[in-house]
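The residues of the chain are indexed from 1 along the displayed sequence. None of the values given here were measured: they were computed from a predicted structure.
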Amino acid sequence: AAAWYLPYVASSGRLSVVGGWFTFLILLNNYVPISLYVSLEIAHLVQGVLMDSDLGMYHADSDTPFATRTTNLNEELGQVSYVFTDKTGTLTDNSLQFRKC
């Protein structure tokens with residue numbers, strides 16, 4: 001006993017299921033991205049607060065805590081490709097000069 005308002009339940013063919021999903025995506029394509037953007041911004045905000053409160057990111061010599069000034073900082077940190085170091089592995093105060101490969 002299928003109801004008139006559930007047309008995809010009565011005919012469970014492959015084409016009707018694909019048509020139902022296509023209709024669902026077309027009708028809701030404006031709502032899902034807005035809620036997804038809001039969820040991602042909330043996640044970025046929480047990750048920024050966690051980075052701010054991380055004691056391992058505190059620089060004791062200059063008495064400087066970590067400060068996030070943008071919500072997409074964690075995505076930008078993942079894009080670092082190369083860090084030039086000397087033989088001991090410590091950073092060299094920008095005195096290392098890269099000449100050629």
Contacts of type ring-ring contact (aromatic ring centres under 6.0 Å, His included), residue Phe24, not counting sequence neighbours: Trp21

Any residue meeting side chain to side chain donor-acceptor pair (under 3.5 Å) with Thr64, in chain and number order, not counting sequence neighbours: Ser62

Common cluster, Met51/Met57, ILVMFWY with side-chain heavy-atom separation under 4.5 Å: yes

Side-chain hydrophobic cluster, 4.5 Å single linkage: members besides Phe22: Ile26

Exceeds 12 heavy-atom contacts within 6.0 angstrom, atom CG of Leu55: no

Pairing residues for Asp61 by the side chain to side chain donor-acceptor pair (under 3.5 Å) criterion, not counting sequence neighbours: none

Side chain to side chain donor-acceptor pair (under 3.5 Å) partners for Asp54, two or more places apart: none

Where His44 and Thr71 come nearest, the two heavy atoms and their spacing: CB-O, 3.1 Å

Which residues share a side chain to side chain contact (heavy atoms under 4.5 Å, CB included) with Thr70, sequence neighbours left out: Asn72, Leu73

